[in-house]
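Position 1 is the first residue of the sequence; numbering continues from there. Every number for a ligand or one of its atoms is a count from 1 in the order of the listing.
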Amino acid sequence: MNKPTDLSATTFTLNGQHAQCQPAPGQRLSEMLREQLGARDVKIGCNAGDCGACTVLVDGDPVCACLMPAQQAAGRAVETPAGLHANDPIAHALGESFQNHGAAQCGICTPGMMASAVALLRANPQPTETQVQDALGGVLCRCTGYRKIIDAVMGAPALTRDAPGHAGDAIRRLDGADKVAGREAFGDDIAPPGTLEILVIRSP
Ligand code: FES
Ligand code: FES
């Protein structure tokens, strides 16, 4: 006899694998991915749809996971930056190009940039600079001035998975690989599940 279906469960694919969760009413997709499924590669910046750090692909389209109700993932294909980097040669080439161009600096925007750029390059393998700017327009970066990121996206199609760097490339940062793969842990990423929260209230 089949196990009865849990009607409150949200079932979808996460980076190509079956996933099932029971999000609380109103829970954000970003929170479900991070807190219930351990996807700490989905970064949280503003939690308000402004910064794009939380960008994931849903059925191939970039969305701010902090704005999407978790239940809306039902039946959809969700891809996170780490999954993209592991599974998609385009994302891997992008990661190499980001490192070659010094486009991942503090790294908090990098997963969102990478997810947005993968969606662009899947649809348009040779984008113009304007198309790159448009595709990345929803993700904010406070470190790079965007030039290095745009150059990295435009340089990615020329790279293959095994291509080495070239003479004249900028020296790679030692911590770049973790940033482009979504493995870099920031303050909000290292709290173990169940950690009590502290609300810090400062003087206005
Ligand atoms: S955390 Fe989602 S847009 Fe900033
Ligand atoms: S690399 Fe720091 S915000 Fe973009």
Side-chain angles (χ1 to χ4, degrees), residues 14 21 23-24 26-59 61-73 76 78-85 91 94-120 129 132-156 169-191 197 199-200:
L14 177 60
C21 273
Q27 187 175 41
R28 303 161 191 260
L29 176 60
S30 52
E31 187 181 357
M32 182 176 78
L33 292 172
R34 286 174 55 86
E35 304 305 329
Q36 296 192 39
L37 295 167
R40 297 284 168 98
D41 54 310
V42 179
K43 301 303 181 191
I44 303 298
C46 64
N47 229 7
D50 292 329
C51 73
C54 63
T55 301
V56 299
L57 302 188
V58 177
D59 292 339
D61 294 326
V63 303
C64 288
C66 74
L67 290 185
M68 183 170 171
Q71 285 94 342
Q72 287 186 9
R76 322 266 304 259
V78 177
E79 296 171 283
T80 70
L84 290 168
H85 188 264
L94 261 175
E96 296 300 299
S97 194
F98 265 60
Q99 293 180 79
N100 289 346
H101 287 86
Q105 294 189 6
C106 84
I108 190 68
C109 74
T110 307
M113 290 289 185
M114 297 268 299
S116 299
V118 168
L120 170 68
E129 183 167 327
V132 173
Q133 290 175 352
D134 287 347
L136 303 184
V139 188
L140 304 183
C141 177
R142 298 185 66 172
C143 300
T144 64
Y146 299 100
R147 182 70 261 165
K148 293 176 178 180
I149 293 174
I150 293 167
D151 289 344
V153 176
M154 299 199 67
D169 282 346
I171 295 173
R172 288 182 168 209
R173 289 169 172 256
L174 294 176
D175 56 358
D178 283 343
K179 289 171 178 168
V180 300
R183 292 190 298 262
E184 183 79 0
F186 296 85
D188 194 32
D189 299 331
I190 56 175
E197 294 185 18
L199 180 62
V200 178

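Distance check for C109 against atom 4 (Fe) of ligand 2: an N/O/S atom falls below 2.8 Å. The nearest N, O or S atom of C141 is closer to atom 4 (Fe) of ligand 2 than 2.8 Å.
Within the model, atoms CD1 of I149 and SG of C109 stand 4.5 Å from one another, a figure rounded to the nearest 0.5 Å. Between R183 atom CZ and D178 atom CG the span is 4.5 Å, to the nearest 0.5 Å. We find the CG-CG distance between L67 and D50 to be 8.0 Å, quoted to the nearest 0.5 Å.
Remark: side-chain polar atoms of S116 are not paired, donor with acceptor, to backbone N or O of M113 under 3.5 angstrom.
Within the listing of ligand 1, atoms 1 (S) sit less than 4.0 angstrom from a heavy atom of G45. The contact set between ligand 1 and C54, taken as ligand atoms under 4.0 Å from a residue heavy atom, comprises 1 (S), 2 (Fe), 3 (S). Taking a cut-off of under 4.0 Å to the non-hydrogen atoms of G107, the atoms of ligand 2 that pass are 1 (S), 2 (Fe). For ligand 1 and N47, the ligand atoms under 4.0 Å from any heavy atom of the residue are 1 (S), 4 (Fe). For ligand 1, the atoms closer than 4.0 angstrom to any heavy atom of G49 are 3 (S). The distance from ligand 1 to the heavy atoms of C66 drops below 4.0 Å at these ligand atoms: 1 (S), 2 (Fe), 3 (S). Ligand 1 places these atoms under 4.0 Å from at least one heavy atom of G52: 3 (S), 4 (Fe).
Between L94 and the choices V180, T110, V118, the side-chain contact (heavy atoms from CB on, under 4.5 Å) rule is met once, by V118.
For atom 3 (S) of ligand 2, the candidate residues are R142, K148, K179; the nearest heavy-atom contact is made by R142.
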* Asked: Q36 and Q27: side chain to side chain donor-acceptor pair (under 3.5 Å), yes or no, with the steps?
  -> CA-CA 11 Å; Q36 296 192 39; Q27 187 175 41; 2.9 Å; yes
**Study point:** Chi angles and distances behind the side chain to side chain contact (heavy atoms under 4.5 Å, CB included) call for S30, L33
**Key:** CA-CA 5 Å; S30 52; L33 292 172; 5.8 Å; no
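Only the backbone of D50 comes within contact range of ligand 1, with a heavy atom under 4.0 Å; no side-chain atom does.
Around atom 4 (Fe) of ligand 1, the two atoms SG of C46 and SG of C51 are separated by an angle of 110°, to 10 degrees.
Proximity of C51 to V139: side-chain heavy atoms (C-beta onward) are nowhere separated by under 4.5 Å.
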